[in-house]
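Before any comments, here is the structure.
The analysis underlying the following values was restricted to heavy atoms, covering all of them including side chains, and did not include hydrogens, waters or symmetry mates. Since this is a predicted model, take the numbers as computed values, not measurements.
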Amino acid sequence: MTASLTTGRTAISIRENRLSSLTLLRRLGNHFRKNRLYRAFRELGRAIRTVTLLRCLSEPGLREQITQVTNRNEAFHAFADWLMFGGKLIGHNDPDHEEKVVKFNELIADCVIYSTACDITDAANDIAAEGRPVDLDDLATVSPYITNTVRRFGNWTLDLTPPDQNPTTRLDLEPRVLFAT
């Protein structure tokens, strides 16, 4: 009972801007095993984790959704690892440098995924333009993590001159793809 009162009072104080996040972190950091606020939040976290685990056990749809999201994240990270120049070895003990390497690698992965998505969209629009039907279930299974068309160590050309006009996106499927007649 005391734990819920403490967390409730803390939550109200945060909502009403009477307790700053810095003060809260300072309170949680001081002698954390003896700190009532720390113990209250730990018990609240345990209760939330228990309720979440019980929901996962009792709801197959939720388990399926969690699995899909986890698989999607793992697929992205596997794709980004595949794109990583020089493998997974970062080679420095400098956290700032390591963070830059990871961020730039994810940026390249995002750019390759965008380019692949544009190519997939163009292909679907071309099929529809020829009058053939595009099955949306088939289209939904196409992954943007295609590696056989990417030349990781090929010739890279970077043109930093700004375009004359705003670029147009090509990620819009034409209506004939979505509403085949």
**same_hphob_cluster(Ile120, Leu136) at 4.5 Å side-chain heavy-atom cutoff** = yes
**Prompt:** Under 4.5 Å between side-chain heavy atoms, hopping through other hydrophobics if needed: is there a path connecting Trp82 to Val112?
**Reply:** yes
**Asked** Could you give all pairs that pass the side chain to side chain donor-acceptor pair (under 3.5 Å) test and reach residues 52-62, with sequence neighbours left out?
**Response** Arg55-Glu59
**Item:** Residue pair Ile113 / Tyr145: nearest heavy atoms and the distance that separates them
**Value:** CD1-CE2, 3.3 Å
**Message:** Given 3.5 Å as the limit, does a donor-acceptor pair link the side chain of Thr50 with the main chain of Arg46, or not?
**Reply:** yes
**Complete:** In short, Ala109 meets Phe76 closest at the heavy-atom pair CB-CE1, 3.9 Å
**Request:** Enter the distance from Leu53:CG to Ile48:CD1 here, rounded to the nearest 0.5 Å.
**Result:** 12.0 Å
**Prompt:** If every non-hydrogen atom of Asn105 is compared with every non-hydrogen atom of Ala80, which pair is closest and at what distance?
**Reply:** ND2-O, 3.0 Å
**Request:** List the atom of Ala124, the atom of Leu139, and the distance in Å for their closest heavy-atom pair.
**Result:** CB-CD1, 4.1 Å
**Transitive ILVMFWY side-chain link Met84 to Phe104, under 4.5 Å** = no
**Message:** Taking the side chain as everything from C-beta on, heavy atoms only, tell me whether Ile146 gets closer than 4.5 Å to Val150.
**Reply:** no
Could you tabulate the donor-acceptor pairs under 3.5 Å formed by side-chain atoms of residues 66-73, not counting sequence neighbours?
residue : atom : partner : partner atom : Å
Thr67   : OG1  : Arg63   : O            : 2.9
Thr70   : OG1  : Ile66   : O            : 2.8
Asn71   : ND2  : Thr67   : O            : 3.4

